[in-house]
2 protein chains.
Amino acid sequence: MNEKKRIPKSAVSRLSLYLREIQRLEKDGRDRVSSTELGEFTDLTDAQVRKDLSYFGNFGTSGSGYEIATLKASLRKILGKGAMWPIVLVGVGNIGSALLRYPGFKHEGFVIKEAYDVDRNKIGVRYDELVVKDVADINKNEKGKAAKIAIIAVPEKAAQDVADILVKSNVKCILNFAPVVLKVPEGVTVRNIDLSTELENFSFLLSFSK
Amino acid sequence: MNEKKRIPKSAVSRLSLYLREIQRLEKDGRDRVSSTELGEFTDLTDAQVRKDLSYFGNFGTSGSGYEIATLKASLRKILGKGAMWPIVLVGVGNIGSALLRYPGFKHEGFVIKEAYDVDRNKIGVRYDELVVKDVADINKNEKGKAAKIAIIAVPEKAAQDVADILVKSNVKCILNFAPVVLKVPEGVTVRNIDLSTELENFSFLLSFSK
DNA sequence: CTTACTTCGTGACTTATTTCACGAAGGCGG
DNA sequence: CCGCCTTCGTGAAATAAGTCACGAAGTAAG
C-alpha cells in the first residue's frame with residue numbers, strides 16, 4: 001500500500017520470480033495462491049512474499065490469498081511488461097550471438113533491435129531480420145531510436161568505450177557481460193553478469209568446506 | 001584478521017573484483033596499491049575495500065597500502081585459484097555452446113570437462129577435445145570423476161530433473177541459467193543467471209523514471 | 001630524531017533488509 | 001448469524017551490511 005517506503009532493490013528481482021511463478025500456476029489452471037505457497041515455489045518465506053508485494057499495493061484478500069489473474073496483471077504493470085522493449089546489443093561473439101538466437105526474449109517483451117560489432121567477419125551477418133552493423137555507426141543509428149536498454153558482450157578491453165558510446169546515445173540501462181566495472185554517469189544503471197566471479201564464488205566455497 | 005566474524009556473502013564476490021583489478025595493475029607494472037585506489041577501480045569506498053580484505057587477513061601496510069604480488073597470491077589462495085576446477089555442463093543449446101566455445105574459462109582456472117544434452121543432433125558433436133554425451137549417461141560418467149561444479153543451460157522444464165541428477169552425482173555448486181528456482185538439498189549451492197529477471201529490473205526502472 | 005603525511009585495521013554507528021508476530025478481514029459450515 | 005479457520009498487511013524487533021572516524025603504524029624529508 002505504502003508508496004513512500006523505500007523499496008529494497010532486491011524486491012524488484014523477487015517480483016520477477018513471483019510473476020513467473022503465478023504465470024506458471026495460471027497455465028496449470030489455478031486461480032488463487034497464498035503467500036505461503038508462493039514462498040515455497042520461490043524458496044522464500046511467506047512474510048517476505050507478503051512484504052514484497054505490499055510495497056507495491058494491496059493485492060491479497062485476507063482469507064483466501066491472491067487472485068492470480070489480478071496479481072499477474074498488477075505485477076506485469078509494475079515490471080513494465082506489455083510494452084515491447086527494444087534492446088541494442090554490442091558484441092556478436094560467443095555470448096552475443098547466443099543471445100541473438102535466443103527466442104525467449106520476444107516472448108518476455110524484449111527484442112534485440114540492433115546488433116553491432118567491430119569484426120569485419122561479423123558485420124553484415126544476418127540473424128533473422130537483423131543485420132549486424134559496424135560499431136562505428138552506433139551513434140548514427142541509435143540517436144533518436146530510443147532504445148534505452150543495451151547489452152554489452154564485447155571483450156573486456158572494449159567494454160568501457162562501448163559503454164561511453166551507449167551512454168551518449170541515450171541508453172539508460174546496461175547489461176554487461178564483460179569482466180570490467182563500468183564507469184557510467186548517474187542515472188545510468190549497470191547490471192553485471194560475470195561468470196568468473198560466479199565461478200570463483202564456487203571455488204571459494206569448495207576450497208573451504210573440507 | 002578476525003577469522004570468527006561473519007563474512008558478508010557479497011564480500012567474496014568483491015574479492016573477485018579486487019583480484020581482477022590487481023592482476024590488471026600488475027600487468028601494468030604496478031607493485032603497490034591503496035584501498036582508495038582499489039575502491040576507485042571497483043566503484044566502492046576505501047573503507048569497504050579495507051573491511052572486505054580484513055575479513056581474510058592483514059594484507060596491508062599502514063603507510064603504503066597493499067603490495068600487489070602478495071595480495072594477489074593471498075586472494076588467489078582464498079578464492080581457490082591455482083587448482084584447475086573441472087565443470088560439467090548440461091545443455092548445449094545457444095548458451096551452453098557459447099560457454100563451450102568461450103576460451104576464457106581455462107585461463108581463469110575452470111574447464112568444462114563434460115557436456116551433456118538430450119538432443120540427438122547435439123549428442124556426439126565435438127568441441128575441441130570434448131564430445132557431447134547423452135544426458136542419460138550423466139550418472140555413469142560423473143560418479144567418481146568428482147566434478148563439483150555444474151552449469152545448467154537447459155530449458156526450464158528440464159532444469160529441476162537435471163539438478164536432481166547432478167546432486168546425486170555429487171555436484172556441490174550449480175550455476176543455473178534456466179529461469180526456475182531449483183530445489184536442492186542443504187550443502188548444495190545454486191547461483192542463478194537469469195536474463196529475464198535482469199531485464200525486468202530494467203523495464204521496471206524505465207517505466208517509473210518518467 | 002622529529003614532524004608531517006599517508007594509509008591501514010577496526011570498533012562504533014548508521015542504514016538496509018529480513019523476520020516475527022499479531023490484529024483485522026474474509027470465507028465457510030452449521 | 002456465529003464461531004472457527006485461513007491468510008493478509010504491517011509495525012516492531014532482529015539481523016545483516018556498509019560507513020565513519022580515529023588510533024596506530026609506516027614513510028619521507030630535513
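First the proteins, then the strands, lettered A, B, ... as listed; each starts at 1. All values below come from the heavy atoms of this structure, side chains included, with hydrogens, waters and symmetry mates left out. This is a predicted model, so every value here is computed, not measured.
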Problem set entry | Short side-chain N/O contact to C:dT18 OP1/OP2 from A:Ser10, under 4.0 Å | yes
For this session: Would you check, one step at a time, whether the test side chain to side chain contact (heavy atoms under 4.5 Å, CB included) holds for B:Ile95 with B:Ser97?
Result: CA-CA 5 Å; B:Ile95 303 211; B:Ser97 59; over 6 Å; no
For this session: Please report, rounded to the nearest Å, how far the P atom of C:dG9 is from the CG atom of B:Asp46.
Result: 12 Å
Exercise. Just to confirm, is there a sub-4.0 Å distance from OP1 or OP2 of D:dG9 to any side-chain nitrogen or oxygen of A:Tyr66?
Worked result: yes
Exercise. Quick one: is D:dT7 close enough that its OP1 or OP2 comes under 4.0 Å of any side-chain N or O from A:Arg50?
Worked result: no
Problem set entry | Separation of atom CG in A:Leu38 from atom C1' in D:dT7, rounded to whole Å | 13 Å
Exercise. Given A:Glu37 and A:Arg30, is the side chain to side chain contact (heavy atoms under 4.5 Å, CB included) satisfied, shown in steps?
Worked result: CA-CA 12 Å; A:Glu37 206 179 355; A:Arg30 292 281 306 274; 2.8 Å; yes
Identify each donor-acceptor pair in which a side-chain atom of residues 103-110 of chain A lies under 3.5 Å from a protein atom, sequence neighbours left out, and give them as a table.
unit_1	atom_1	unit_2	atom_2	d
A:Glu108	OE1	A:Lys81	NZ	3.2

Exercise. Does B:Gln48 put a side-chain nitrogen or oxygen below 4.0 Å from OP1 or OP2 of D:dT19?
Worked result: yes
For this session: Examine the base of C:dT17 for any acceptor or donor lying under 3.5 Å from a partner atom in the side chain of A:Lys51, and report the outcome as yes or no.
Result: no
Exercise. So which nucleotide from C:dT7, D:dA16, C:dA25 ends up closest to the side chain of B:Lys9?
Worked result: D:dA16
Problem set entry | Polar side chain donor-acceptor pair, A:Asn201 to B:Ser13, under 3.5 angstrom | yes
For this session: Dump the intermediate steps for side chain to side chain donor-acceptor pair (under 3.5 Å) on B:Tyr18 and B:Asp52, then the final yes or no.
Result: CA-CA 10 Å; B:Tyr18 304 147; B:Asp52 283 342; 2.7 Å; yes
Exercise. Phosphate oxygens OP1/OP2 of D:dT19: is one of them under 4.0 Å from a side-chain N or O of B:Thr45?
Worked result: yes
Problem set entry | Below 4.0 Å: OP1/OP2 of D:dC8 and any side-chain N or O of A:Ser35 | yes
Exercise. Rounded to the Å, how far apart are A:Tyr55 OH and D:dC8 P?
Worked result: 16 Å
Exercise. When you check the phosphate oxygens OP1 and OP2 of D:dG26, does a side-chain N or O of B:Ser64 lie under 4.0 Å from one of them?
Worked result: no
Exercise. Taking CZ from B:Arg6 and C1' from C:dT10, how many angstroms apart are they, rounded to a whole number?
Worked result: 16 Å
Seminar exercise, completed: Closest of C:dA21, D:dG18, D:dG26 to the B:Pro8 side chain is D:dG18
Exercise. Can you check whether B:Arg14 has a side-chain N or O nearer than 4.0 Å to OP1 or OP2 of D:dG18?
Worked result: yes
